[in-house]
Structures are given as structure tokens and as C-alpha cells.
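By convention here, the first residue in the shown sequence is residue 1.
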Amino acid sequence: MRLGPATPSARRLPPHRPRPAPYPERCSPGLRVSPALGPAPEDVERRGGRLSKMKVTLSALDTHESSFTPLVVIELAQDVKEETKEWLKNRIISKKKDGGAQLLFRPLLNKYEKETLENQNLYLVGASKIRLLLGAEAVGLVKECNDNTMRAFTYGTRHTFKGFDDDNDDFLTMAECQFIIKHELENLRARDEKMIPGYPQAKLYPGKSLLRRLLTSGIVIQVFPLHDNEALKKLEDSWYTRFTIKCQPTDSIRGYFGETIALYFGFLEYFTFALIPMAVIGLPYYLFVWEDYDKYVIFASFNLIWSTVILEVWKRGCASMTYRWGTLVMKRQFEEPRPGYHGVLGINPVTGREEPLYPSYKRQLRIYLVSLPFVCLCLYFSLFVMMIYFDMEAWALGLHESSGSEWTGILLYVPSIIYAFVIEIMNRLYRYAAEFLTSWENHRLESAYQNHLILKVLVFNFLNCFASLFYIAFVLRDMKLLRQSLATLLITSQILNQVVESLLPYWLQRKHHMQVKRKVQALKADIDATLYEQVVLEKEMGTYLGTFDDYLELFLQFGYVSLFSCVYPLAATFAVLNNLTEVNSDALKMCRVFKRPFAEPSASIGVWQLAFETMSVISVVTNCALIGMSPQVNALFPESKADLILIVVAVEIHGRLKETALGRPSAESDV
């Protein structure tokens, strides 16, 4: 069965150029089943006076359509054999009943254009409207019904969903369409093949994901979704091109990038607004009690309440957003083994599928005999560097006391600045080591891999960034040095993160962009240069590795503000200023620096909610201890200083443990 011609609106545009979509961006495949070839799946027939819906079958769809809206790009290695390309093409376009994905597929360049241009193994993937709707049902997308309830979408009841019309292509966002295509490609599985054609060393077994095997074998270089330049421009205009204090367009971000990215920007916005009360109280507190380092009890008491309340309020706001988007009630899909997982081929006793099996005891041995000692060694090294920092502080202080000049006064800040740089370098080096170790541990699921990685990174980053502050506060008990160190570490880390994460990548990307433009302008070939330029430019962009680093930065910032801002009340003010620029720099790198990431449905910020709540517990305990050490409280209890601190801390820990035992706060599902 053939597919009919594209709709008139699609034919008015160049054949290979993505069609502009209304804002927020929607998927517009522009393909329909030809009426001449029989009734479309949405048609109905009357039998016995009753209206019955025709059974929708994927066999009614064809995939030999050359003109379609490209949604996803697949890049193959330059030396891939022709038989491998043909096999991959057939598996992508074949019908579902034959083990294919039943998607639309074509090369970026035809054979004549390849003779003129350098050989680019780039292929475009799309899908018809009906195929995407059936895919939406398969992945369990949740949509709003006409009665304002949220339900999992089904093709048979499509007319009961709000905004759906047979002649309207705006029901699915382009991010959802690309997520569906990614799901279908990842679920292409080996059947009778024993190896990838042309590559005998690339073994296959029934049920193995073909795309993951192609990626690990180096046959497929990358798979990425395309930007829609018109929709992206509209999003940028409402998001970050005008530097004004306004709310984030989270619904528009979600429509373009998906729920995971939208939740991060929603949390960043919420956290920034939550910092404003701390900044408003901290500014006059800093100005009027600057020289009296011991009068921090009131601010510490406010810290106790603030650090707990903001996370509880966020959980309510997060649930409201994700319910509106449909991901709060979306069923979690069965999680497949991660691509790097390896082992002896066998039958999984739970799923009954043939897949690699790796004994759990071997993984535990690797964790406890290798990973844990390595992490402890790194923590010891971090403490060793911290003691060197204190030696530098003592040297700078001695030099200043002996000379008393303004230059030596400035020199007092040099050790903290150097230490802040060293902390950033150590954090990044340890991150690479943690990723290698966690991958070597051979976790079966991606969620388990992420949880172990986050645990390793958070433990080291917490000790590396905050150990010196705890040492100054509770061992040296030098509030003046604590204020100086906190200010230097906070401001220096914020400046470094802005430069390394946004400004430098943006400059490099702009430089590469100009090179690609000059190359395309020099072409003599009669090709769709706009699409060619877009694909070539985007394939060279950096890959966005997820929200891990972004949440980690906010986690450390939350620690700086909630733990010791009572002795440096300006910490919240600097955090607010940083976050106002962070919103725009993160938006810039999402839109112009990195490839467009595939949308991923999320119901919460995942394990980071638990991480922030843990930091909140530590913050409350720390502020209770600081209050117990304050001269005002010691004047009330002059003979029981140490006992008072222990009692306050013990009461707080007991209360928090009781809350946790009752399920409050609770860890949300993984991102």
C-alpha cells in the first residue's frame, strides 16, 4: 500500500526542508494515506446499524516515501559497507510484523550530490502522522481529554482528547515525535541475525537492540534530533534574547526540549525566587552587623526554616507542572539493559529474554574492593590539599601581621582564590574517574548507573567544597576566616562555571559555525543548501550530556547558602545574581551550543530531590550547632556548652529520622 502525496502546505516548501510549525512547536509530518488505496484507519463503517471502528493495523502504512519532514539524523562511519547500509535501511522501513520500525528513511544527499560533495554518511528519519499517533500509544504518552482528565493516549479513542482533529497536525509536539522515533529505533531488535551484515565480529543475539549494538561497534556514530530554526527563534525571543526579569516559559521549553529540560529550568527559576527572601534579609544584616561576627543567631534561625520549607513547596509545584504535562501519571516503561552492560549470554529469569548476565557478587566485589577504597583515597587527598590551604592561610596572615600594608591585606584572599581553583580542577578530574569506575562496575540498568555515579560525585564534591568551612567553623572557630573563605569559594566557583560551561563553548561553536557557512557558500552543487548546512552544523555541535552538571552546580550553591550564610549574609545575594545570568547562559547553550537533546518524560527532578533534602538536613543540623556555639546562647547556659550543642543536634537528627521513617521526605523516581 502506498502513501499519498504530501499535503498542499507541505508541497509549497522545498522538498527536504523542515516545515515551519506554529508556536509552541508541533510535529507536522504532512503525510496521509491515499484514499484511492482504501479507507484510512480513522474511517468507520456501519455494521448492523451500529458504528464500529476499523481495526488499526500498521500493515496499512507504507514507508517508501521520499518526501517527508526529517525529524532525526543518523550518522554512519565513513567506511561503512554498502550491505550494512542496505540492511539498516530495510530494518528501519520494514513493517513491524517483519521486525522493522516502519519509519520513513532517506539519505541526506542523493548519489549525484555525493559526487560533488564530500561523502557524508548522513541519513534522515521521519514518520507519517498515523505512525506517530500509534507510536504515542505504544510509549504511553498521557494527554488531556475533553473532560479535563489526564489519560494515556490510545488511537482508538483519539477523538476524546482535547485538541485532536484528523486534519490538525498540532496534537503532538515535535519533541514528542522525536521521542517516539527514538523509542522505535531503540526497539529495533535482532531476530534471526547472528551478526551485523558485513561485520562478522559484531555479534547479535535474539532480542538485542540493534541501534545500541551499532553504536558500540562504531558503525553508527551518532543519532540526534534536528532543530526547527523558526520555532527555535520564537522560543529564544520569549526566553533569553531580552535580558529582563520574567518567568521562564516552561511550557514552551517543554514543548521544544521535553519535560526533563523544562523541569530543570523550572527548578532553577523557583530556586532563584526562593533565594530572594534570604537576600533581602541578608543585605541589611550584612551592612549593619558586619563587624560583629557573633551576632548570627537570628539569621541562622531563619536558615533553619528556609532550607526546609522551600523543598516542600517545590514538590507541590513540581507535581502540578508534571500533572499538567501528563508525565506525573505516565507509566514507567520496562527499563532495558544499558548499552555498556556486558556479561555471559543467557536467559534473564525475570523477562525470559536472552541477554548478557553478570553475577551480582562480582559487581559488589568491584564496588567494595576497588571503588570504595579509591573514593576513600580521593577523600583523603582532598583533606590533604585542604591542610595545605590552611598552611597558606597561616603564611599569608603572618606576612600581613608583620608588615601591615594594603598589599599584604589583599594577599590574604590569594590562598582562598587558589584553593577555589584547585577545588574546581579536582572536582572535574574526580568526575572522570567516577564515570570510569561506575562504568567498570558494570551496572545492568541506566538508573542504577546514574545513582551510583551521583553518590560518588556528591560525596567527593561535598567534602572537597565544604570540609574547609566545617573545619574553620567547628575546629578553628574563626568566624572572620569562615566569612572570608565562604565568600571567596562561592564567587570564584560561580565565575569559573559561567566561563567553562557557557562562554567558552559558545565562542568555540561560533567559530565552527562561520567555517561551515563559508564551506556551504563555496558549493557549486544544486542542492538544498539550507538543510545540508543545518545538518552538517548540528552534527559537529557538542552533545548535551544531561542535567547532571547543572543540578550539581545548584546543589553546591544550595550548600554554600544554607550551611554558613549566617556568617556571610551576602551569599544569597551573589547566588541570585549568578542565577539570573545562569538562566540566560544555560538557555543559550541549549539553543545554540549543543545539539538538540531527545526529549525524556520525567515526573520529578528524580534523585536530586533526595540530594537536596539530605543537604537540607545537614544544613539544619549545622545551623543548630552554630546557634549552640553562639555567645548569646552560651550566656544563657554558661556551664554546658558542649552538652547543649550535642542535645540540639541529637534532637534535630531524631526529628529528621522520624520524618524519613514516615516517608517524608521521600525520594522521587529517577530522571
Taking every heavy atom of C591 against every heavy atom of E236, the minimum-distance pair comes out as CB-OE2, 3.5 Å
Output, in order, the C-alpha distance, side-chain angles, deciding distance and verdict of side-chain contact (heavy atoms from CB on, under 4.5 Å) for I93 and L104.
CA-CA 6 Å; I93 68 175; L104 303 174; over 6 Å; no
Report the distance from atom OG1 of T260 to atom CZ of R254, rounding to the nearest 0.5 Å.
11.5 Å
Ignoring hydrogens and geometry, is there a side-chain-to-backbone donor-acceptor pair from R431 to R428 under 3.5 Å?
no
Quick one about R212 and T216 (side-chain donor to acceptor, distance below 3.5 Å, no hydrogens or angles considered), yes or no?
no
Does N187 offer a backbone N or O that forms a donor-acceptor pair with the side chain of S209 under 3.5 Å?
no
Short side-chain to backbone donor-acceptor contact, E538 and V535, under 3.5 Å:
no
Can you see whether N442 engages K362 through a side-chain donor-acceptor pair at a distance of less than 3.5 angstrom?
no
Evaluate the ring pair (Phe, Tyr, Trp, His ring centres under 6.0 Å) criterion for residues W608 and F548: first the C-alpha distance (whole Å), next the side-chain angles of each, then the deciding distance (0.1 Å), finally the verdict.
CA-CA 9 Å; W608 289 103; F548 184 98; 5.5 Å; yes
Just verifying a value: how many Å separate K589 NZ and M541 CE, rounded to the nearest 0.5 Å?
14.5 Å
Check: Q178 side chain, L71 main-chain N or O, donor-acceptor pair, under 3.5 Å
yes
Go through L185 and I92 one step at a time and tell me if the side-chain contact (heavy atoms from CB on, under 4.5 Å) criterion holds.
CA-CA 7 Å; L185 290 174; I92 291 176; 4.1 Å; yes
Check T327 against P601 and note the closest heavy-atom contact, atom names and distance.
CG2-CB, 4.0 Å
At their closest point, which heavy atom of E600 faces which heavy atom of F179, and how far apart are they?
OE1-CE1, 4.1 Å
How long is the straight-line distance from OG1 of T438 back to NZ of K456, given to the nearest 0.5 Å?
3.5 Å
Specify the closest pair of heavy atoms between H227 and L232, including all atoms of both residues, with the distance to one decimal.
ND1-CD2, 3.8 Å
Just checking, is any N or O donor in the side chain of D586 or Y264 under 3.5 Å from an acceptor N or O on the other one?
yes
Flag, side chain of E193 to backbone of R191, donor-acceptor distance under 3.5 Å:
yes
Expected output: side-chain N121 to main-chain A77 donor-acceptor under 3.5 Å
yes
One should read off an interatomic distance between T322 OG1 and E259 CD, to the nearest 0.5 angstrom, of 9.0 Å
Mark yes or no: K81 above the aromatic ring of Y199, with NZ or CZ under 6.0 Å from the six-membered ring centre and no more than 45 degrees from the axis.
yes
OH-CD1 distance between Y551 and I454, expressed to the nearest 0.5 angstrom
10.5 Å
Would D98 and R91 count as a salt bridge (charged side-chain N to carboxylate O under 4.0 Å, His left out) if you check the C-alpha gap in whole Å, the side-chain angles of each, and the deciding distance to 0.1 Å?
CA-CA 9 Å; D98 299 325; R91 291 303 303 266; over 6 Å; no
Measure across A127 and L103 and return the closest heavy-atom pair with its distance rounded to 0.1 Å.
CB-CD2, 3.9 Å
Check ion pair E441-R366 (N to O, under 4.0 angstrom)
no
Indicate whether any N or O donor in one side chain lies under 3.5 Å from an N or O acceptor in the other, for Q102 and S94.
no
May I have the step-by-step check of side-chain contact (heavy atoms from CB on, under 4.5 Å) for M195 and L204, ending in yes or no?
CA-CA 5 Å; M195 64 178 185; L204 294 174; 5.5 Å; no
Assess, by modelled atom type and distance only, whether the side chains of T543 and Q222 contain a donor and an acceptor separated by less than 3.5 Å.
no
Strictly under 6.0 Å, is that where the ring centroids of Y430 and F460 end up?
yes
Tell me whether the centres of the aromatic rings in F265 and F257 are closer together than 6.0 Å.
no
Between L588 and Y240, does a side-chain contact (heavy atoms from CB on, under 4.5 Å) hold up when you go through it step by step?
CA-CA 7 Å; L588 174 67; Y240 71 91; 3.7 Å; yes
For residues N584 and W239, is any side-chain donor paired with an opposing acceptor at under 3.5 Å?
no
Do the side-chain N and O atoms of Y544 and D550 include a donor-acceptor pair separated by under 3.5 angstrom?
yes
Between NZ of K96 and CD of E184, what distance do you get to the nearest 0.5 Å?
4.0 Å
Does E176 pair with K143 as a salt bridge, N-O distance under 4.0 Å?
yes
Under 6.0 Å from the ring centre and within 45 degrees of the ring axis: does the NZ or CZ of R596 meet both conditions for the six-membered ring of Y256?
yes
Looking only at non-hydrogen atoms, find the nearest pair between R131 and A101 and report the distance.
NH2-O, 3.0 Å
Ring-plane angle category for F153 and F171, please: parallel below 30°, perpendicular beyond 60°, tilted otherwise.
tilted
Are E82 and K89 ion-paired here, with the side-chain N under 4.0 Å from a carboxylate O?
no
